[in-house]
Amino acid sequence: MSKIKIEAENLKLFYGDFQALKNINLTMKEKEVTALIGLSGCGKSTFLRCLNRMNDIIPNCHVEGKLTFEGEDIYHPDCDVVALRKKVGMVFQAPNPFPKTVYENVAYAPKLHGTKDRASLDEIVETSLKQAALWDEVKDRLHKPALGLSGGQQQRLCIARALAIKPEVLLMDEPTSALDPISTLKIEELIRELKQHYTIIIVTHNMQQAARVSDRTAFFLVGDLVEVDDTEVIFTNPKDQRTEDYITGRFG
Amino acid sequence: MSPKVTEKIAFATLRAIAFFIVLCLAVVLWDIFSKGLPALTWEFITENPRRGMTEGGIFPAIVGTFYLVLGTIIFALPIGVMTAIYLVEYAKESWATRMIRLAVVNLAGVPSVVFGLFGLGFFVLFLGFGVSILAGSLTLALMILPVIITTSEEALRTVPRGYREASLALGATKLQTILFIVLPNAMPGILTGSILGVARAAGETAPILLTVAAFFLPRLPNSIFDQVMALPYHLYVIATQVPHADQSIPYGTAAVLMILVLGLNLIAILLRTYFRRMRKV
Amino acid sequence: MSSNQDNVAFSSNQENAEEPGDKQKKLLKNSSRRRKAWDIFEKLSEGVLFVSAFLGVITVILIFLFLFKEAVPLFLDPLSAPTLTAKNWYPISNPHIFGLWPLIAGSLIVTFGAILISVPLGIGAAIYLSMVASPKVREILKPTIEVLAGIPSVVLGFFGLVVLAPWIKDFFGLSTGLTALTGSITLALMALPTITSISEDAISSVPRKYMEASLSMGATRWQAIVTVIVPAALSGITASVMLGIGRAIGETMTVLMVTGNAAIIPGTMLEPVRTMTATIAAEMGEVARGSEHYHALFVVGVVLFLMTFAVNYIADLVSRRMKEVE
């Protein structure tokens with residue numbers, strides 16, 4: 001049994017008066033892939049954004065309950081958001097590389113966090129790109145604009161960029177929803193590789209994807225966590241009727 | 001009359017209106033440039049005015065306008081950009097934010113001569129800067145502040161949200177995100193706005209009338225507390241108060257001013273199109 | 001992936017080494033000097049940005065204050081104050097008469113004439129650009145009209161003085177071409193780009209489906225424009241006209257150069273007039289600071305400021321209503 005990486009206890013989230021998350025209890029274990037599935041607007045992305053406190057930038061948003069990273073309270077006043085985000089990286093729905101070169105994209109965060117010398121940066125860039133399975137495709141064009149890459153390459157660049165600060169957890173918010181099927185497969189393959197080293201939490205609206213890449217799956221419905229279990233169990237033998245309805249496509 | 005015929009007549013009228021406006025513009029441009037360009041000799045641009053401004057060149061006025069524009073941008077650009085950053089990245093809905101927005105709208109509507117009055121009362125007299133480059137630049141800076149604020153705001157807002165989120169998610173602080181990601185991306189827009197603002201400052205007369213402009217001062221300024229001549233004011237003076245000047249002198253001055261102001265506008269427009277195209281690639 | 005990447009992924013980077021070693025407290029506020037510096041910088045910068053943003057508010061307040069401060073002495077002067085409502089502006093006669101009416105009338109008549117010319121032309125051009133012109137024509141025409149906005153007012157004034165005024169003099173057989181009409185025409189040229197571009201925005205932002213719906217009921221494009229599109233864009237068009245008025249009232253150099261500057265209440269558009277703006281610009285340079293005349297000019301400034309403020313405020317209200325409707 002691997003150790004618990006992130007744990008939510010009675011987590012509630014409000015946008016003003018509207019409650020977007022109701023009492024979420026969920027544990028995510030080290031070096032496992034947890035998939036969050038559900039209809040759009042069910043709170044799965046909102047939950048994901050709690051884990052690195054990206055919801056902080058939304059006005060009138062507040063959180064109740066407890067959310068811990070290796071036992072430390074993420075929403076504690078003494079928690080350093082910057083330190084948290086260095087431990088918990090994120091990849092977004094649409095590929096969003098900065099309009100800089102490939103190299104600068106990956107080196108951006110290490111530079112910010114104090115790595116100055118060229119040799120270390122070169123090394124970080126190379127290893128991050130290798131981990132993201134992009135090195136071979138871009139090693140000759142490191143100093144060309146990142147926006148010249150294809151959509152799938154851009155998304156892998158975003159993954160490399162997130163890996164460059166050596167996080168322990170990787171959050172992925174529908175990382176393939178803007179990509180073609182072949183790029184999607186590449187990313188999924190990459191996720192399976194990465195889970196050897198990282199704890200991965202992925203939001204997806206694609207059930208096959210959840211089934212293909214994840215170890216555990218959590219099903220969200222209008223702000224509630226309906227059911228969480230091993231992926232196999234969820235897809236073959238869900239305990240809750242609503243989960244079954246969703247899996248079998250009865251929600252449309 | 002059938003609706004189809006009415007429509008034809010209406011559209012023809014609208015087209016006539018649009019081309020009439022273009023015609024008016026063409027007449028003005030043709031008049032100024034056809035009579036002004038021949039006056040532009042090397043001497044005209046590089047020499048001092050002589051014989052009560054009825055002869056000679058406009059060199060001090062060109063230099064004066066250059067200093068004023070430089071001073072204006074030094075004051076207006078940082079404040080304008082910082083205001084825009086505050087409004088886009090930090091401001092929450094509060095009375096202070098509403099006040100700031102209201103102030104920007106109002107500032108944009110204040111007549112230029114009122115800026116001149118204020119500059120006279122505040123910078124020249126109250127703060128004791130005297131009639132000087134400093135007072136004139138500050139007055140012009142206040143006048144173009146709304147232009148720079150609105151264009152910078154627009155430029156900052158077009159920076160995709162995804163860039164900000166990606167940077168924050170990488171552990172960058174808000175300020176780091178603004179400095180290293182948002183500002184560089186908004187730079188083309190900010191630059192365009194600033195050039196438009198500068199063009200406006202270069203062409204304005206009323207605000208400098210009371211705060212800096214010298215009627216006739218055939219020497220270059222020594223400090224920011226000196227008066228200077230300026231192109232728009234010089235044109236006003238020779239057109240209205242030097243009755244015996246050869247017409248080529250005001251026309252030449254007008255042409256230089258137009259080349260400067262329209263040239264700056266053109267640069268701004270070209271920059272904007274260039275960067276838009278860059279972004280699409 | 002090879003096994004050496006194992007090491008890469010978990011080799012502690014430099015930043016981690018700086019942090020307190022206790023593995024249990026990874027997320028505690030970091031006390032490295034670098035981070036502390038950024039934290040302070042972070043807070044400081046928000047403060048600095050707020051202050052610079054608030055400078056705009058302070059400026060508006062200062063403009064109010066200084067205009068009033070310099071205007072008030074005239075209201076307190078028992079000799080000059082009552083003359084403000086007189087029908088004449090004789091600032092250097094003895095005793096002074098500072099009647100504002102001729103100046104206000106001058107500003108209003110010139111502005112009225114300018115609006116009469118520029119509103120039909122401006123809105124017509126806006127409809128043409130947004131509804132009739134082909135994309136190619138629009139792409140050329142739009143920036144061309146914007147060039148008009150870039151011409152310095154003193155150049156237009158000069159053009160009015162040496163070209164327009166003689167035309168008007170000859171055409172109407174007048175003794176001088178420097179009339180309210182000359183001012184109105186040049187001001188119309190200045191207000192045109194404002195009216196055209198803002199009206200065009202308003203018309204273009206009317207949803208396409210309105211046009212399609214009325215065409216599908218058998219209306220011609222022109223009927224659809226008149227009965228559906230223009231009414232839907234009316235608040236934006238109104239705002240553009242208000243801003244045009246604001247621009248015309250506040251414009252100084254053109255009117256100073258072409259309206260003849262006679263401070264009399266005009267009977268027709270073909271007589272010289274003197275606007276508030278021109279009065280300030282022409283006389284402020286020659287008055288003794290602190291004299292009644294100096295303060296009287298600030299009174300004119302206050303009146304002008306309040307008038308443009310009101311016009312711009314209405315424009316803002318109307319355009320805000322436009323946004324709410326959308």
Side-chain angles (χ1 to χ4, degrees), chain B residues 3-4 6-7 10-11 14-15 17-18 20-22 24-25 28 31-32 79 82-83 85-87 90 96 99-100 103-107 109-114 117-118 120-122 125 142 145 173-175 199 203-206 209-210 232 235-236 239-240 250 254 257-258 261-262 265 269, chain C residues 38 41-42 45-46 48-50 52-57 59-60 62-63 66-67 70 121 124-125 127-129 132 141 143-145 147-148 150-156 158-159 161 163 189 192 220-223 246 250 252-253 257 277 280-281 284-285 289 298 301 304-305 308-309 312 316:
Chain B
K4 263 289 167 217
T6 322
E7 182 177 72
F11 282 3
L14 292 179
R15 187 172 302 123
I17 286 174
F20 175 69
I21 296 175
V22 175
C24 290
L25 174 69
V28 175
D31 185 68
I32 300 293
I79 294 177
M82 289 203 292
T83 302
I85 293 176
Y86 180 79
L87 286 174
Y90 288 92
M99 289 268 286
I100 293 168
V104 174
V105 170
N106 278 317
L107 223 44
V110 172
S112 54
V113 72
V114 171
L117 273 184
F118 172 68
L120 174 68
F122 187 62
L125 300 177
L142 291 182
L145 205 51
T173 63
K174 189 166 188 166
L175 185 62
E204 271 292 346
T205 319
L209 206 61
L210 308 173
L235 173 58
Y236 166 67
T240 59
L257 186 57
M258 290 277 272
V261 171
L262 295 185
N265 275 309
I269 291 168
Chain C
W38 267 112
F41 208 41
E42 201 82 14
S45 65
E46 183 168 354
V48 170
L49 291 172
F50 176 76
S52 75
F54 213 73
L55 274 182
V57 179
T59 306
V60 172
L62 279 180
I63 292 177
F66 269 84
L67 290 185
E70 299 289 327
L121 292 182
I127 296 174
Y128 180 73
L129 281 175
V132 184
L141 220 53
T144 310
I145 291 177
V147 171
L148 207 51
I151 298 180
S153 59
V154 70
V155 173
L156 269 184
F158 173 65
F159 174 81
L161 184 69
V163 178
L189 282 178
L192 254 176
T220 62
R221 285 181 64 82
W222 174 243
Q223 284 170 325
T252 309
M253 295 321 286
M257 292 168 84
T277 51
I280 297 171
M284 189 50 104
R289 277 157 201 169
F298 271 93
L304 180 63
F305 183 68
T308 48
F309 187 89
N312 287 311
D316 194 45

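Quick caveat, the model's predicted, so the values are computed rather than measured. A note on names: the letters A, B, ... follow the listed sequences, proteins ahead of strands, and every chain is numbered from 1.
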Seminar exercise, completed: From the list B:V261, B:V104, B:I269, the residue making the most non-hydrogen contacts under 4.5 Å with chain C is B:V261
Problem set entry | B:G203 versus C:P152, closest heavy-atom pair with distance | O-CB, 3.6 Å
Problem set entry | Pairwise side-chain contact, B:V105 with C:N312, heavy-atom cut-off 4.5 Å (strictly under) | no
Exercise. Which value, rounded to the nearest 0.5 Å, describes the distance between B:M82 atom CE and C:F50 atom CZ?
Worked result: 13.0 Å
For this session: Go through the atoms of C:I63 and report whether side chain, backbone, both or neither lie under 4.5 Å from a heavy atom of chain B.
Result: both
Exercise. How long is the span from the OG atom in C:S153 to the CD atom in B:E204, to the nearest 0.5 Å?
Worked result: 5.0 Å
Exercise. Are any non-hydrogen side-chain atoms of B:T83 and C:L55 less than 4.5 angstrom apart?
Worked result: no
Seminar exercise, completed: In terms of heavy-atom pairs under 4.5 Å with chain B, the winner among C:Y128, C:F298, C:F159 is C:Y128
Seminar exercise, completed: Closest heavy-atom pair, B:K174 versus C:E42, reported as atoms and distance to 0.1 Å, is N-OE2, 3.1 Å
Exercise. Can you name the nearest heavy-atom pair linking B:E7 to C:R221, along with the distance?
Worked result: OE2-N, 2.7 Å
Problem set entry | Part of B:L262 within contact of chain C (heavy atom distance under 4.5 Å) | side chain
Exercise. Which heavy atom in C:L161 sits nearest to a heavy atom in B:A239, and how many Å separate them?
Worked result: CD2-O, 3.5 Å
Problem set entry | Options B:D31, B:I85, B:V22, ranked by heavy-atom pairs under 4.5 Å with chain C, top entry | B:D31
For this session: Using a cut-off of under 4.5 Å on heavy-atom pairs, state which of B:L145, B:L14, B:L120 scores highest against chain C.
Result: B:L14
Problem set entry | B:C24 side, atom SG; C:I145 side, atom CD1 - distance, nearest 0.5 Å | 10.5 Å
Seminar exercise, completed: Shortest non-hydrogen pair, B:L175 vs C:F41, comes out as CD2-CD2, 3.4 Å
Exercise. Going through the checks in order, is the side chain to side chain contact (heavy atoms under 4.5 Å, CB included) test met by B:V110 and C:T308?
Worked result: CA-CA 7 Å; B:V110 172; C:T308 48; 6.0 Å; no
Exercise. Can you name the nearest heavy-atom pair linking C:A125 to B:I17, along with the distance?
Worked result: N-CG2, 3.8 Å
Exercise. Tell me, side chain or backbone of C:V57 under 4.5 Å from chain B's heavy atoms, or both, or neither?
Worked result: both
For this session: Check whether C:L141 gets within reach of chain B through its side chain, its backbone, both or neither, counting any heavy atom under 4.5 Å.
Result: side chain
For this session: Find the distance between CZ (B:F118) and OG1 (C:T59) and round it off to the nearest 0.5 Å.
Result: 6.5 Å
Exercise. What residue in B:T6, B:L125, B:I32, B:I100 has the most heavy-atom pairs under 4.5 Å with chain C?
Worked result: B:I100
Exercise. Which value, rounded to the nearest 0.5 Å, describes the distance between B:L210 atom CG and C:M284 atom CE?
Worked result: 6.5 Å
For this session: Output the distance between atom CG (B:L25) and atom CD1 (C:I151), rounded to the nearest 0.5 Å.
Result: 5.0 Å
Exercise. Is the number of heavy atoms from other residues, nucleotides or ligands under 6.0 Å of B:Y90 OH greater than 12?
Worked result: yes
Exercise. By ring-ring contact (aromatic ring centres under 6.0 Å, His included), which residues pair with B:F20, not counting sequence neighbours?
Worked result: none
Exercise. Side chain, backbone, both or neither: which part of B:A199 has a non-hydrogen atom closer than 4.5 Å to chain C?
Worked result: neither
For this session: Flag the pair B:P250 / C:F158 as yes when at least one side-chain heavy-atom distance between them is below 4.5 Å, and no otherwise.
Result: yes
For this session: Answer whether the closest heavy-atom distance between the side chains of B:I21 and C:L192 falls below 4.5 Å.
Result: yes
Exercise. Do you know which of B:N265, B:I79, B:L117 has the most heavy-atom pairs with chain C at a distance under 4.5 angstrom?
Worked result: B:L117
Seminar exercise, completed: Under 4.5 Å to a heavy atom of chain B? For C:T277 that would be both
Exercise. Under a 4.5 Å heavy-atom cutoff, which of C:I127, C:V48, C:V132 has the most pairs with chain B?
Worked result: C:V132
For this session: Using the test side-chain contact (heavy atoms from CB on, under 4.5 Å), find all partners of B:P3 that sit at least two apart in sequence or belong to another chain.
Result: C:T220, C:Q223
For this session: Sort out for me which of B:L142, B:L107, B:V28 touches chain C most, counting heavy-atom pairs under 4.5 Å.
Result: B:V28
Exercise. By a 4.5 Å heavy-atom criterion (distance strictly below it), what part of C:V163 contacts chain B: side chain, backbone, both, or neither?
Worked result: side chain
Seminar exercise, completed: Bottom line for C:L129: the part with an atom under 4.5 Å from chain B's heavy atoms is neither
